Amino acid sequence: MKALILSCNTGGGHNSAGRAIAEAMTWQGDEAYVMDYLTLAGEGISRLVGDGYVQIVKKTPKLFGLVYKLGMLVSRLTRKSPVYYVNGRMAKYLNQYLTENPVDVLVMPHLYPAETITYMKRKGMKLPLTVAVMTDYTCIPFWEETDVDYYIAPHESLIKPCVKRGVPREKLVPLGIPVSRICRREISQKEAREKLGLAPEKKYILAAGGSMGAGDMKKMVDALLKATKEEELVIVCGSNTKMENQLKKAFGAEPRMRILGFTNQMTLYMKACDVLFTKPGGLTSTEGAVAEIPMVHTDPIPGCETANRKFFGRLGMSTSARTVKGQVQAGIRLLYDQEAAEQMRENQRKNMNKAAAEDICEFIREHIEQ
């Protein structure tokens, strides 16, 4: 089996899901390639879209929330959105690529290439099996206007809302959001701490801003320091170097704190620490739940992250509060209430499909053979 996984650089979650599927396919002896499909039109287009998205999310999250709400309205009122027509312009590039590099399946952990595929299908262009992978715990605007063969939904409970929005029931398959094998490896907290050089006897709080380092991390860190005495803090700023430098300048002398930029050991830190503070991104939240770390969701970027936080809270897989002070208090309760922490871990185990990546691969293989 040969698979092409189409994503783009609007946040790290879509790419992470794509890499997890590619990893599972490669592990099973198949060929799989993850592509930022916007690069087919030129690196400049990819940077323009990706950088523009990241800057809006980091600098004006309320504007992003407004655009998201507008998208919900447009999706209810129109048969085809501007998003469809803009991404339709990628069809000629993708069609040429597939003609020269045929594959058995196209996997799309992002809406944009699914819109392009829809345009291609309506223009009669030849396509292999097409599978979209939803990476948030809600039906985001415009999924309903796409037309692919199957949609991988994150959870059984999201089938009904997706159908209500217009996604055909027979195309929805609730297999979960795929995460890398490293998130699922069995490793004790003691062993994880040894690998990271963390003290075995201390309490550790992990705070992360996602791949983009979004959110007011300085305010959160300040509140955590004031509310704790002996507990250690590990702060992950992601690719936000400005935030990393700001925190190091403000708290660099604090002996209880370890400030990191982007790290490829995030899962190991989840295994090593006692509680996680994170914004409710679809992938970050899934990775936290798969790693079975008690989780506090911080303020979401308005839109799909708001829905993610509600989903996790409703199923008891995370907790949150309206204010930073309330979020810190919730985290400290989880830190010392072992019964509550274990109940949250049990809820995570019950609701997360840890083998989602392998299950998606098996589903694809079966339908290619058919």
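Computed from a prediction, not measured in an experiment: that's the story for all the values here. All heavy atoms count here, side chains included; hydrogens, waters and symmetry mates do not.
Between E231 and L224 the shortest side-chain heavy-atom distance does not fall below 4.5 Å. Side chains of L98 and L106 form a contact here, defined as non-hydrogen atoms less than 4.5 Å apart. Proximity of Y204 to Q189: side-chain heavy atoms (C-beta onward) are nowhere separated by under 4.5 Å. With contacts defined as side-chain heavy-atom distances shorter than 4.5 Å, the pair I259/C237 qualifies. Between L129 and Y150, the closest side-chain pair of non-hydrogen atoms falls below 4.5 Å. For the pair L233/T228, a side-chain contact is recorded, criterion being any heavy-atom separation below 4.5 Å from C-beta on. Using a 4.5 Å heavy-atom cutoff, the side chains of D299 and R309 are in contact. With a 4.5 Å cut-off on side-chain heavy atoms, M352 and V179 do not count as touching.
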* Can you list the steps and then say if D222 with K218 is a salt bridge (charged side-chain N to carboxylate O under 4.0 Å, His left out)? -> CA-CA 6 Å; D222 190 53; K218 187 174 184 294; over 6 Å; no
* To do: Check the pair E145, E115 against side-chain contact (heavy atoms from CB on, under 4.5 Å), reporting the backbone distance first and the verdict last.
  => CA-CA 8 Å; E145 71 180 13; E115 294 274 31; 2.4 Å; yes
* To do: For the pair M90 and Y112, evaluate side-chain contact (heavy atoms from CB on, under 4.5 Å) and give the outcome as yes or no after the intermediate values.
  => CA-CA 10 Å; M90 287 295 301; Y112 290 176; over 6 Å; no
* Asked: Passes salt bridge (charged side-chain N to carboxylate O under 4.0 Å, His left out), D147 versus K171? Steps please.
  -> CA-CA 10 Å; D147 182 14; K171 291 187 174 187; 2.8 Å; yes
* Show your working on side-chain contact (heavy atoms from CB on, under 4.5 Å) between K195 and Q265 and close with a plain yes or no. => CA-CA 10 Å; K195 289 180 178 293; Q265 294 183 305; over 6 Å; no
* **C273 vs I205, side-chain contact (heavy atoms from CB on, under 4.5 Å): CA-CA, chis, key distance, verdict** => CA-CA 6 Å; C273 294; I205 297 170; over 6 Å; no
* Given the rule in the ring pair (Phe, Tyr, Trp, His ring centres under 6.0 Å) test, do Y84 and F142 qualify, once you have shown the distances and angles that lead to the verdict? -> CA-CA 8 Å; Y84 169 77; F142 312 128; over 10 Å; no
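R89 CZ: 12 or fewer foreign heavy atoms inside a 6.0 Å radius. The environment of E366 atom CD is dense: over 12 non-hydrogen atoms of other residues, nucleotides or ligands sit within 6.0 angstrom. Within 6.0 Å of CD on E170 lie more than 12 heavy atoms contributed by other residues, nucleotides or ligands. Atom NZ of K121 has more than 12 heavy atoms from other residues, nucleotides or ligands within 6.0 Å.
Of the possible donor and acceptor atoms, none in the side chain of T284 sits under 3.5 Å from a partner among the backbone N and O of G281. T130 contributes a side-chain N or O that, together with a main-chain N or O of D149, makes up a donor-acceptor pair within less than 3.5 Å. Between the side chain of D337 and the main chain of R333, no donor-acceptor pair closer than 3.5 Å is present. Looking at S320, its side chain does come within 3.5 Å of a backbone N or O of H297 through a donor-acceptor pair. In this structure, the side chain of K202 does not engage the main chain of E232 through any donor-acceptor pair within 3.5 Å. Proximity of a side-chain donor or acceptor of N308 to a complementary backbone N or O of Y137 within less than 3.5 Å is detected. Distance alone, capped at 3.5 Å, is enough to place a donor-acceptor pair between the N351 side chain and the N347 backbone.
Under a hydrophobic-cluster definition in which Ile, Leu, Val, Met, Phe, Trp and Tyr are linked whenever side-chain heavy atoms come within less than 4.5 Å, directly or via other members, Y119 and Y93 are assigned to different clusters. By the rule that hydrophobic residues join a cluster once side-chain heavy atoms approach within less than 4.5 Å of another member, I182 and L198 end up as members of separate clusters. In the hydrophobic clustering of this structure, V173 does not group with V163; members are Ile, Leu, Val, Met, Phe, Trp, Tyr whose side-chain heavy atoms approach within less than 4.5 Å, directly or through other members. Clustering ILVMFWY residues whenever any of their side-chain heavy atoms sit less than 4.5 angstrom apart, transitively, puts L4 in the very cluster that holds V148. Put simply, M1 and V133 are part of the same group of oily side chains (I, L, V, M, F, W, Y) that touch within less than 4.5 Å, one to the next.
The only option from R184, R349, Q348, R345 that meets the side-chain hydrogen bond (donor to acceptor under 3.5 Å, both in side chains) definition with E292 turns out to be R349. Just one of R185, E23, R19 meets the side-chain hydrogen bond (donor to acceptor under 3.5 Å, both in side chains) condition when paired with S180; it is E23. Test V131, L172, D359 against I152 for side chain to side chain contact (heavy atoms under 4.5 Å, CB included) and you get one pass: V131. Considering L6, N87, L94, L38 as possible partners of P113, the one that fulfils the side chain to side chain contact (heavy atoms under 4.5 Å, CB included) test is L6.
A salt bridge is defined here as a Lys NZ or Arg NE, NH1 or NH2 lying under 4.0 Å from an Asp or Glu carboxylate O, and D136 with K310 fails to meet this definition. Taking a cutoff of 4.0 Å between a charged side-chain nitrogen and a carboxylate oxygen, K350 and E346 do not qualify as a salt bridge.
W27 carries R181 over the face of its six-membered ring, with the cationic atom under 6.0 Å from the centre and within 45° of the normal.
For the pair C183 and E287, the tightest heavy-atom approach, listed with the atom from each and the gap, is SG-CG, 3.8 Å. Contact between E156 and P174 at its shortest, heavy atoms only, is OE1-CG, 3.1 Å. Annotation for P109 and H14: closest pair O-ND1, 2.8 Å, computed over non-hydrogen atoms. Residues P128 and V105 come closest through the heavy atom pair CB-N, 4.0 Å. R193 and P200 get closest at one heavy-atom pair: NH1-O, 3.2 Å. Across all non-hydrogen atoms, the minimal contact from G18 to I5 is O-CD1, 3.4 Å.
Between the OG1 atom in T138 and the CZ atom in R165 there is a gap of 7.0 Å [rounded to 0.5 Å]. Note that CG of N95 and CD1 of I117 are 9.5 Å apart. Values are rounded to the nearest 0.5 Å. Between atom CH2 of residue W143 and atom OG1 of residue T118 there is a gap of 9.0 Å, rounded to the nearest 0.5 Å. Here the CD1-CE distance, from I235 to M220, works out to 9.5 Å after rounding to the nearest 0.5 Å. Distance check, rounded to the nearest 0.5 Å: CD of E186 to CD of E191 gives 11.0 Å. Of the inter-residue distances, the one linking I187 atom CD1 with K271 atom NZ reads 8.0 Å to the nearest 0.5 angstrom.
Between the side chains of T298 and Q327, not a single donor N or O lies within less than 3.5 Å of an accepting N or O.
Checked against the 6.0 Å centroid threshold, H110 and Y37 do not count as a close aromatic pair.
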